[in-house]
2 protein chains.
Amino acid sequence: MKTDIDQLMGEANLDVLLVSGPAGHNPYMTYFTGLVHVTHSYLLVKRGEKPILFHGAMERDEAASTGLGTVDLTNYDTIKILKDACGDQIRARMMLLQRIFQDHGVHGRVGVYGKVEVGPFYAALNLLDEAMAEIEIVGEAPDRSVLIRARTTKDPDEVKHIQEVGKITTSVVADVAGFLTSHQVKDGVLVDREGGALTVGDVKRRINLWLAMRGADNPEGSIFAIGHDAGVPHSTGKDDDLIPVGKPIVFDIYPCQTGGGYYHDFTRTWCLGHAPDEVQEVYEDVLDVYETVYAAMVPNTPCRDYQVMACELFEKKGHPTVLNTPQTKEGYVHSLAHGVGLAIHEAPSFSHVETNEDQLLPGSVITHEPGLYYPEREIGARIEDTVWMRPDGSLEVLAEYPKDLVLKMKNV
Amino acid sequence: MKTDIDQLMGEANLDVLLVSGPAGHNPYMTYFTGLVHVTHSYLLVKRGEKPILFHGAMERDEAASTGLGTVDLTNYDTIKILKDACGDQIRARMMLLQRIFQDHGVHGRVGVYGKVEVGPFYAALNLLDEAMAEIEIVGEAPDRSVLIRARTTKDPDEVKHIQEVGKITTSVVADVAGFLTSHQVKDGVLVDREGGALTVGDVKRRINLWLAMRGADNPEGSIFAIGHDAGVPHSTGKDDDLIPVGKPIVFDIYPCQTGGGYYHDFTRTWCLGHAPDEVQEVYEDVLDVYETVYAAMVPNTPCRDYQVMACELFEKKGHPTVLNTPQTKEGYVHSLAHGVGLAIHEAPSFSHVETNEDQLLPGSVITHEPGLYYPEREIGARIEDTVWMRPDGSLEVLAEYPKDLVLKMKNV
């Protein structure tokens with residue numbers, strides 16, 4: 001949580017954090033600013049002091065609304081700086097940062113953050129590191145970073161945001177279920193009243209529409225993958241595909257707050273009308289592992305333990321997994337979970353690699369998403385909820401939704 | 001255009017380009033991959049050779065659909081690399097890149113690109129530069145970069161995408177105009193049939209909805225700014241504000257293709273019902289400068305000339321401008337235009353700084369957006385279209401829309 005930042009900076013031996021980039025779709029910046037329209041900005045966090053947002057003149061009102069300290073970049077006359085740098089934009093960027101650092105007494109180890117164009121920053125930060133003997137620029141590893149570690153646990157306000165997006169998400173999932181099952185079936189695929197075939201593209205356009213109606217963005221799209229595609233975990237499904245009855249559909253939806261804030265991550269696997277036995281069996285194995293591991297989760301334990309547990313449970317049921325068949329593309333081929341917040345994938349990690357030291361903590365918000373994949377057999381199944389570990393260590397699914405595999409068609 | 005890349009690499013003395021990050025909302029990667037769901041990837045472009053996309057195992061089908069060369073990152077056993085790096089993610093990232101570079105005979109100057117978390121890349125690229133004597137990592141300045149320069153001119157496919165988003169944009173603008181003018185007026189503000197007041201937030205939610213319906217994303221939100229806010233160019237307007245008649249509303253909308261592709265940028269200024277004389281006068285000055293500068297634009301000329309021309313025209317009409325009053329917050333306070341493509345702001349730049357060497361070229365797609373701002377007088381006016389310079393040097397507004405200041409209310 002934000003209140004941990006000073007302590008984490010101490011542990012990481014960092015004196016200053018420098019966050020760059022716009023406020024939207026840039027988790028580190030959004031973490032401090034909230035969702036405001038600030039596009040050209042730097043944020044300076046000195047240990048123990050109030051963060052300062054450096055903003056463009058035209059965005060002064062938006063910057064003021066963040067409640068952070070603010071400095072108008074106009075004060076630095078960036079046009080003159082660019083002239084002094086003989087038009088070299090890299091050098092000008094370095095000089096601007098140097099002046100900001102000098103004015104604010106920055107020295108010591110400076111951690112750098114923010115989703116930005118890497119090239120110019122790589123060059124400007126190297127120049128800055130060279131130009132200022134009193135600082136050292138530090139790029140922290142993702143799993144060790146002060147801000148990732150702060151964001152690993154959520155305060156109640158953040159949980160509320162994730163839950164609100166979750167309510168929108170499950171409402172749209174219900175919309176999709178209702179939409180699919182109200183279709184007719186002809187030659188094994190869904191058709192409308194006029195006999196026109198429904199496509200995956202049609203469904204996805206409606207998902208975007210219904211999300212927008214309810215107040216969410218869908219910047220990364222969604223997965224609506226059928227048959228063979230359902231058996232490839234990150235295949236998103238093909239727009240032109242028709243929608244059959246009796247085949248597994250993996251529907252994974254991960255929208256965020258309008259403008260790029262908190263995410264929610266959710267998956268259901270459906271068979272329309274009926275499910276073949278072998279799909280039913282695979283699905284029940286997934287559901288069983290979902291429930292067994294969920295029941296086992298307790299606070300202050302290594303996340304990797306739960307991934308190992310899921311692998312062992314799946315292997316006992318006869319499925320290959322990444323634990324003992326590292327490069328398998330069949331069976332259980334991914335991680336059990338990941339943190340969810342301002343990024344769709346964030347800490348804690350549930351990777352089973354031995355170097356993964358992430359802990360499941362009170363305040364964690366994570367997915368829980370076991371799955372099985374057999375692309376050659378046209379089978380895939382995943383069940384995913386977004387789960388909060390409450391301060392008391394108990395778990396709460398942030399947006400409940402039924403886990404039925406078979407969706408009954410209404411007109412058949 | 002893409003066909004210029006080899007030549008531009010030669011001019012910049014670059015042997016290899018390395019692009020990092022996901023395919024969506026990451027212009028440099030999207031430029032090569034198109035809009036596909038590839039999230040963990042590197043792209044290697046050796047001068048004169050077909051680009052190679054390195055992708056995660058789960059995204060192999062999506063990677064294959066790009067038509068690029070592909071390499072599954074599973075081949076590199078990233079889990080073993082992380083072990084060899086003793087769990088240090090920065091070192092592991094460096095080692096992965098080192099092996100990729102060795103396997104593909106990378107040497108010489110390597111330009112780095114992509115919108116990514118800056119910290120880990122800063123650290124890993126410095127390690128890589130140190131570890132491989134045969135390479136030099138180069139972060140190019142934004143205005144000089146090979147890929148920015150390639151993207152400065154658009155091929156017909158790209159123009160088609162921008163025009164398609166433009167059609168969606170102007171359709172939604174028409175929706176908004178129809179929605180506003182169909183309201184009643186009570187105490188000087190818009191109300192619905194039941195007398196409930198309409199707010200800026202209500203309008204913005206509908207904008208997102210209508211964009212989604214028509215197939216566009218709105219990742220950066222839109223500007224719907226009234227009165228004082230209209231006088232601050234990047235103020236986006238306050239959600240709780242009511243919508244008055246007879247005051248200027250600056251409506252700036254800049255959506256992109258669903259999933260994060262090409263953008264379109266568009267602004268109109270409206271007064272509902274009627275316009276006060278002083279708003280009308282300011283608006284006509286903007287429209288006059290819009291038309292005069294538009295008529296003057298010819299190919300292969302410096303972009304900054306048009307910004308200087310706009311400033312001089314506005315100054316002749318008695319308005320302060322950034323040309324002679326650099327830090328003014330009244331009058332004409334921004335640039336005339338900017339390139340539009342996979343980023344909402346890209347080259348060419350129309351900044352009047354003397355170091356700006358960008359040219360207006362056949363194939364350029366730019367905004368054209370003069371404006372005037374008087375926040376204390378609660379006046380702002382901007383007119384913006386997205387314009388293509390055709391191969392023959394003539395200009396085409398990519399999505400035409402009327403430029404009336406006053407929108408007549410239907411029920412008054």
Side-chain angles (χ1 to χ4, degrees), chain A residues 20 24-25 37 39 56-62 74 79 82-83 86-90 111-123 125-126 137 139-143 145 205 208-209 211-213 215 217 219-221 229 232-236 258-260 326-327 329 333-334 353 355, chain B residues 20 24-25 37 39 56-62 74 79 82-83 86-90 111-123 125-126 137 139-143 145 205 208-209 211-213 215 217 219-221 229 232-236 258-260 326-327 329 333-334 353 355:
Chain A
S20 301
H25 297 286
H37 188 75
T39 56
M58 297 200 291
E59 299 175 337
R60 58 191 179 275
D61 292 348
E62 301 277 328
T74 315
I79 291 182
L82 188 59
K83 225 181 233 174
C86 304
D88 179 339
Q89 294 185 338
I90 301 284
V112 291
Y113 310 87
K115 201 187 261 184
V116 293
E117 279 303 335
V118 64
F121 271 90
Y122 169 79
L125 291 173
N126 272 312
I137 302 285
E140 291 192 289
D143 60 338
S145 133
R205 277 186 288 279
N208 289 337
L209 173 64
L211 284 170
M213 276 177 64
D217 274 357
E220 318 215 13
D229 287 350
V232 181
H234 275 206
S235 172
T236 57
T258 300
Q327 308 202 357
K329 281 165 185 166
V333 302
H334 56 61
V353 300
T355 50
Chain B
S20 301
H25 297 287
H37 188 75
T39 56
M58 297 199 291
E59 300 174 338
R60 58 191 178 276
D61 292 347
E62 301 276 328
T74 314
I79 291 182
L82 188 58
K83 226 181 231 174
C86 304
D88 178 338
Q89 294 185 336
I90 301 284
V112 291
Y113 311 86
K115 202 188 260 184
V116 293
E117 279 303 335
V118 64
F121 271 91
Y122 169 78
L125 291 173
N126 272 311
I137 302 285
E140 290 192 289
D143 59 340
S145 133
R205 275 186 290 277
N208 289 337
L209 173 63
L211 285 170
M213 276 177 65
D217 274 356
E220 317 215 13
D229 287 350
V232 181
H234 275 207
S235 171
T236 58
T258 300
Q327 310 206 354
K329 283 165 185 165
V333 303
H334 55 61
V353 299
T355 51

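Heavy atoms only: backbone and side chains are in, while hydrogens, waters and symmetry mates are out. In the text below, chain A, chain B and the rest are named by the order of the sequence lines, each starting its count at 1. This structure is a prediction, so every number in the text was calculated from the model and none was measured.
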> Heavy-atom distance under 4.5 Å to chain B: side chain of Val353(A), backbone, both or neither?
Replying inline: side chain
> Any idea which of Gly215(B), Pro120(B), Ser145(B) has the most non-hydrogen atom pairs under 4.5 angstrom with chain A?
Replying inline: Pro120(B)
> For the candidates Met213(A), Gln89(A), Arg60(A), Arg205(A), which exhibits the highest count of non-hydrogen atom pairs separated by less than 4.5 Å from chain B?
Replying inline: Gln89(A)
> What part of Ile137(A) lies closer than 4.5 angstrom to a heavy atom of chain B: side chain, backbone, both or neither?
Replying inline: both
>> Looking only at heavy atoms and a cut-off of under 4.5 Å, which of Ala212(A), Pro142(A), Gly87(A) has the most pairs with chain B?
In response: Pro142(A)
>> Between Ala141(B), Ala123(B), Ser20(B), Gly221(B), who has the most heavy-atom pairs with chain A when the cutoff is under 4.5 Å?
In response: Ala141(B)
> In terms of heavy-atom pairs under 4.5 Å, which option from Asp217(B), Asp88(B), Asp229(B), Ile79(B) contacts chain A the most?
Replying inline: Ile79(B)
> Highest number of heavy-atom pairs under 4.5 Å with chain B: which of Leu211(A), Val116(A), Thr355(A), Asn208(A)?
Replying inline: Val116(A)
>> To the nearest 0.5 Å, what is the distance between CG on Asn126(A) and CG on Leu125(B)?
In response: 9.0 Å
> Counting heavy-atom pairs under 4.5 Å to chain A, which of Lys83(B), Glu220(B), Gln327(B) comes out on top?
Replying inline: Gln327(B)
> With a 4.5 angstrom heavy-atom cut-off, which part of Glu62(B) approaches chain A: side chain, backbone, both or neither?
Replying inline: side chain
>> Do Thr39(A) and Glu59(A) have side chains that approach each other closer than 4.5 Å (heavy atoms only, starting at C-beta)?
In response: yes
>> Could you measure the distance from the CD1 atom of Ile90(B) to the OH atom of Tyr122(B)? Nearest 0.5 Å is fine.
In response: 11.5 Å
> Which answer fits Asp61(B), side chain, backbone, both or neither, if we ask what part of it has an atom under 4.5 Å from a heavy atom of chain A?
Replying inline: side chain
>> Only pairs of heavy atoms separated by less than 4.5 Å count here; which of Gly139(A), Gly111(A), Cys86(A) has the most with chain B?
In response: Gly139(A)
>> Is the shortest side-chain heavy-atom distance between Pro219(B) and His25(B) below 4.5 Å?
In response: yes
